[in-house]
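All values below were derived from every heavy atom in this structure, side-chain atoms included, with hydrogens, water molecules and symmetry-related copies excluded. Below, chain A is the first sequence line, B the second, and so on; all start at residue 1.
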4 protein chains.
Amino acid sequence: MANFGGHAIPGSFFFLFGVWLTVKHILHHYWRVHQPKRRQGTPPFLKKMHYFEGGLQIFAAFVGIMVEQFVPDGPHARLVSGGSWVKLMNWQHCTMYLYFGIAGFALVASTAIKLVPVGVDRLTLSMALFVEGFLFYYHVAMRPHLDAHIHTLLLVAVFGGAACSMLEVFIRHNIVLELLGAGLFILQGTWFYQIGFVLYPLSGPQWELEQHDNIMFVTMCFCWHLVIHIVFSIVCTVRFSANGRDIEIGMRNTSSASSSQKSLLQESEED
Amino acid sequence: MANFGGHAIPGSFFFLFGVWLTVKHILHHYWRVHQPKRRQGTPPFLKKMHYFEGGLQIFAAFVGIMVEQFVPDGPHARLVSGGSWVKLMNWQHCTMYLYFGIAGFALVASTAIKLVPVGVDRLTLSMALFVEGFLFYYHVAMRPHLDAHIHTLLLVAVFGGAACSMLEVFIRHNIVLELLGAGLFILQGTWFYQIGFVLYPLSGPQWELEQHDNIMFVTMCFCWHLVIHIVFSIVCTVRFSANGRDIEIGMRNTSSASSSQKSLLQESEED
Amino acid sequence: MANFGGHAIPGSFFFLFGVWLTVKHILHHYWRVHQPKRRQGTPPFLKKMHYFEGGLQIFAAFVGIMVEQFVPDGPHARLVSGGSWVKLMNWQHCTMYLYFGIAGFALVASTAIKLVPVGVDRLTLSMALFVEGFLFYYHVAMRPHLDAHIHTLLLVAVFGGAACSMLEVFIRHNIVLELLGAGLFILQGTWFYQIGFVLYPLSGPQWELEQHDNIMFVTMCFCWHLVIHIVFSIVCTVRFSANGRDIEIGMRNTSSASSSQKSLLQESEED
Amino acid sequence: MANFGGHAIPGSFFFLFGVWLTVKHILHHYWRVHQPKRRQGTPPFLKKMHYFEGGLQIFAAFVGIMVEQFVPDGPHARLVSGGSWVKLMNWQHCTMYLYFGIAGFALVASTAIKLVPVGVDRLTLSMALFVEGFLFYYHVAMRPHLDAHIHTLLLVAVFGGAACSMLEVFIRHNIVLELLGAGLFILQGTWFYQIGFVLYPLSGPQWELEQHDNIMFVTMCFCWHLVIHIVFSIVCTVRFSANGRDIEIGMRNTSSASSSQKSLLQESEED
């Protein structure tokens, strides 16, 4: 991970996941609002989205674990060698992927099987974020000042997201809470990019890691990233609130979750 | 900000905002209580107050950003100059104002548009306070003891307010919670003045920044500021609870939120 | 306060207050349970208990402030003298008493006046405990190890009580929460005595303030104090749950809250 | 406790307790789900399980206290001897056992007596975990790095469990919360074993207590333990969700809670 690409890949994943969650929650919210008698069940388009999301999480977690283990300088599934630990960093990443895979599995299971307790998907997602933050927390100690600070800010997004997901177990279908959780994923994603830009600049000079001004800027920059998400959420909300009814109609005519998603976005843009 | 005026201006804003919120929430509460069947909707006078409040927040945020950017020794919208950051303090203040502007925008939007999810205005206000506290937190490190302490106490009011606003997303129309949130704004406002008096005394000698007695006094003084708010809330509650019915009648005859507010206050004083 | 008596007086007050709250909440709980249709209102005997409690709080706070101010070596209502603060410790105690007085006032007001928002009495009690803990927190720094530790344990009881009272604003009439809150008052009371015994032993040698074993013992002792309260609550619950109906009958025949309280306790003991 | 066995015994207890709670909560959950009209009462098989669990807790606590006190090198019920404390470690363990005994007593009482307030059993369990964590917290200071770290991770499980049990007082019968609480007991149990393996290895060389890699591994290992529980919960849920109706039928034909428990497990395995 000690290069720009190593931060861009997870950043892209988290960013896209946050965008996906934002769209999904807003769609679900306006579907609920437009129901004549507030039907309780899950609409078919949402089920498809759940399957797609869960499947992708499982797939991505599996690929991630394989890559971390079997890259040329990876641990190749060995944990101990000659009395010392082998590539613990890779093993830690595998652990994180495993939890996101479990969260995906829980989402698929709770969508498919009616008897799975409500909220298990959110609990596992919360655990995945907690584990991510937990491993990061003991990971960032004893680094230069700016490096430690920029990773600490990441933890704000990670643990904030874990708290949101945990709350969603108890407070169901609260769109404000769901958007906040999705926003913290987007924030996490863009912040991974920011970390990459700061610690491994693609061009120009290295950042001075002990300069106070840099720390002040980075703190402020974190707040700006949050604005990006707020603006994005507002745009989504405004768009989808107007044509909530059209959404369901559009959903009925599409076959796969991903294509319906795309057609919906096109619809919105054509308005 | 490194003078008395720089603390008095935000202090006045927060103080007046807290007073406004106290009055608004108490009016709304007694309006609800006096409804025969506990009507759910927002009464017209409250909508006007929301528009006025949100509009003022947007306006004040815009003016604040412009002033911070284009004062003679401001950054003039440049962030980087000659390889170093330009006037980061001004940029940080702009970031804070931006968030309060967004909160104002959310309040106007959620009043005007029925489809905006309930609670978005509180979430954005909570975020604005969180961002304010967040930037302050990394701002107060490495100062003399009393200076750091007095700013830390401010953070108690700021983060307490953020927590209150966040809770209001989930616990709607709880007057006790709303008054606590408003009270923490008043506390923040008066405490800004206190910081100004302590760090930049208008007359008399400078305060000894490392003396233990001064820290003890300041801690106690913080508690006294809280009393001011409690007394104010009690006075408001007692006043408005008596003539709750009159409020709505008074409201119907007035045209703008600000004038109705004034006439109401006069009414109360004439009792 | 720097002697045994200075810890025994607040200790006795908090202990008796906790016992009173335990009895009051259990009486109220079983009154609710025995109502045929779960009447919502406050029964007359509870109103009397509220008035008595609130009145006593106001009276005790007033006396406390007067004593702290006008004892021979007190500040005699002067805050500054010759450029330095006068007897800040006494002023801090006055501040604490003031808050408990406000809590008593809020209890009386919310019992007497129907329009006072529900929960204000709990919010002010929570604030009183928060202020007490807040002033203590900055008070215990820079002491010998055992001294600091034993006061820190007190803070666990104080802030725990503040959190309980705050929760009671939102979760009304939950007997488990109410008993926990009352228990933390009892704990605070007995712990004040413990602090007195440890720091100012009535007989025998002084405690070694830096010895690790003493700290271990004190930590464990704190847990034992908690057991005392649990046993007391169980005894109360068992007693009053059996004769819940009798309570109301007994209440109807008595005139003042304090005498009814006594007669009730006698009744229970006569069973 | 300073050997492998001293960690294996509590570890086994907590592990089995967590497994028991997982099975109990899942059984209760599917019993509720399969009720035609969501009957509110406690089914007979659950009452038997409560009695068994509470009784065992009381018995185990009693035995534990006796053993700690009257082992050859124990304190033999003396607290002070010759001016110094006697075997405070044993006394601390007794304190912990006492609280778990109280929790068992509260469970039995709240099952047997209808008038005991709902939620008292969870509050006492939460207190028992809090006291355990509280005593541990002041116990682990000033140890080598790895030793302190591995005990700190234990505290995450202990205080997490205390928070879960406390939440269960207010959020009743939420299966996700109950499984999380049970899972944290399992985690605590397996982690006690892990501590034993790391600090007192049965074979092979001692662990390097200051090596950073060991700390990284232990942190990651903690997350793996959590996975064990998740997988176990999933297996239980899948098993019992399928034959929820059969459970009650099976329960009716059995006489004691423990034997019915076993027959149920056999049933599930025979499927």
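Within the 4.5 angstrom heavy-atom criterion, no atom of A:Val231 approaches chain B. Residue A:Asp213 touches chain B through both its backbone and its side chain, counting heavy-atom pairs closer than 4.5 Å. In this structure, the portions of B:Leu88 lying under 4.5 Å from any heavy atom of chain A include both its backbone and its side chain.
At least one side-chain heavy atom of A:Leu180 sits under 4.5 Å from a side-chain heavy atom of B:Met166. Residues A:Phe222 and B:Leu135 have side chains not in contact (no heavy-atom distance under 4.5 Å, counting atoms from C-beta outward). Side-chain contact check for B:Pro117 versus A:Tyr30: some heavy-atom pair is nearer than 4.5 Å. The shortest side-chain heavy-atom distance between A:Ile230 and B:Ile102 falls under the 4.5 Å cut-off. When side chains are defined from C-beta on, A:Val176 does not count as touching B:Phe170, because their heavy atoms never get closer than 4.5 Å.
No more than 12 heavy atoms of other residues, nucleotides or ligands sit less than 6.0 Å from atom CZ of B:Phe105. Crowding of B:Phe70 atom CZ: a count of heavy atoms from other residues, nucleotides or ligands under 6.0 Å exceeding 12. In this structure, A:Phe217 places its CZ atom where more than 12 heavy-atom neighbours from other residues, nucleotides or ligands lie under 6.0 Å away.
In terms of heavy-atom proximity, A:Met220 sits nearest to B:Thr95 at CG-OG1, 3.3 Å. The two residues A:Met216 and B:Gln92 make their nearest non-hydrogen contact at O-NE2, 3.5 Å.
Under a 3.5 Å cut-off, the side chain of B:Tyr138 and the backbone N or O of A:Ile215 do not form any donor-acceptor pair.
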(request) Could you please spell out the steps behind the side chain to side chain contact (heavy atoms under 4.5 Å, CB included) verdict for B:Val169 and A:Leu177? (result) CA-CA 9 Å; B:Val169 173; A:Leu177 186 62; over 6 Å; no
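Interface check for chain B: of the options A:Leu179, A:Asn214, A:Ile175, the most heavy-atom pairs under 4.5 Å are formed by A:Asn214.
For the atom pair OG1 (A:Thr219) and OH (B:Tyr137), the distance works out to 11.0 Å, reported to the nearest 0.5 Å. In this structure, B:Phe130 CZ and A:Cys223 SG are separated by 8.0 Å, a value rounded to the nearest 0.5 Å.
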